[in-house]
Number of protein chains: 2
Amino acid sequence: MLQEESQKRDIQNCPLTYAMNVISGKWRLPIIWALWKNDTLRYNELKRRIDGITNMMLSQVLKEMEIAGLIVRKQYLEIPPRVEYSLTQEGKDLVPSLEALARWGKHMQNR
Amino acid sequence: MLQEESQKRDIQNCPLTYAMNVISGKWRLPIIWALWKNDTLRYNELKRRIDGITNMMLSQVLKEMEIAGLIVRKQYLEIPPRVEYSLTQEGKDLVPSLEALARWGKHMQNR
DNA sequence: CTGCATCCCATGTGATACTG
DNA sequence: CAGTATCACATGGGATGCAG
């Protein structure tokens, strides 16, 4: 439809919409937050810190965030398998903006 | 379920999750942006500036944002009806954080 | 002009089981 | 340990028509 077309254009053109899409979703912020606090985490360490997430959602969202350039995945060819995740520089650059948003949210909650 | 419980707790406790919920959704940012640029707009003016939105979505989202404290609705008891919308101070306070996010998004798009 | 009600569909998310 | 596959469901969003 025409509507979808204009929406797609928005997503491609508007930096804010782009940013929102990158951090939207139930699990993206918890993942960013966990990796921000811990620098590097293995798959199962991450899973244990994010309460309620399933393997399906975790692996899916991690893959999307890697493609988006937010996190980096480092795989070691060992038995048993070891995979470590951490934030890219861009992912780290995002945090101050999120903290600003959080301050605003805190203010709204206390109103 | 237990999961929903913990999710609800997150929404209530985490200021960032709270803020994200307030600005998430297909039409919230376009509305904020339109009111930021124009200060005050009537219902139909707003609708004309937000390409593709239906009456149903516009009125629904406006009501939610009013309850959230982002916008203020001013109704004039005239015939034909006139209703004007504008950002609250809190709504305006949100904009700098959004602009920071937008700068980050622009950087990511150019990478 | 400024909305609301009904019905419908797409997408995101989840439960469960399985694999290299 | 680090995932994938399948099936199912809840939620957000939309088309259409009606209303004060």
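Chain naming here is simple, since letters A, B, ... match the order of the sequence lines and numbering starts at 1 in each. Computed over heavy atoms, backbone and side chain alike; hydrogens, waters and symmetry mates excluded.
For Glu84(A) and Arg73(A), the salt-bridge test fails: no basic side-chain N is under 4.0 Å from an acidic carboxylate O. Between Lys92(A) and Glu90(A), no side-chain nitrogen of the basic residue sits less than 4.0 Å from a carboxylate oxygen of the acidic one, so the salt-bridge criterion is not met.
Each of Ser24(A) and Leu62(B) has a nearest nucleotide on DNA chain C; the 5'-most of these lies closest to Leu62(B). The 5' end of DNA chain C is approached more closely, in terms of each residue's nearest nucleotide, by Arg48(B) than by the other of Arg48(B) and Ser59(B). Comparing Pro81(A) and Met56(A) by the nucleotide of DNA chain D that holds the closest heavy atom to each, the one mapping nearer the 5' end is Pro81(A). Residues Asn55(B) and Val61(B) each lie close to DNA chain D; by heavy-atom proximity, the contact nearer the 5' end of the strand is made by Val61(B).
In the set dG3(C), dC1(C), dC4(C), the nucleotide with an atom closest to the side chain of Arg73(B) is dG3(C). For Lys26(B), counting side-chain heavy atoms from C-beta on, the closest listed nucleotide (dT2(C), dG13(D), dG14(C)) is dG13(D).
Hydrophobic clustering (side-chain heavy atoms under 4.5 Å, transitive across Ile, Leu, Val, Met, Phe, Trp, Tyr) groups Met57(A) together with Tyr85(A).
If you check every strand for non-hydrogen atoms under 4.0 Å, Asn44(A) touches sugar and phosphate atoms only. Tyr85(B) comes within contact range of the sugar-phosphate backbone alone, with a heavy-atom separation under 4.0 Å but no base atom that close.
Atoms CH2 and CD1, from Trp27(A) and Ile32(A) in turn, are 14.5 Å apart once rounded to the nearest 0.5 Å.
With rounding to whole Å, Asp51(A) atom CG is found 15 Å from dG14(C) atom C1'. Glu45(A) places its CD atom 16 Å from the C1' atom of dG3(D), with the value rounded to the nearest Å.
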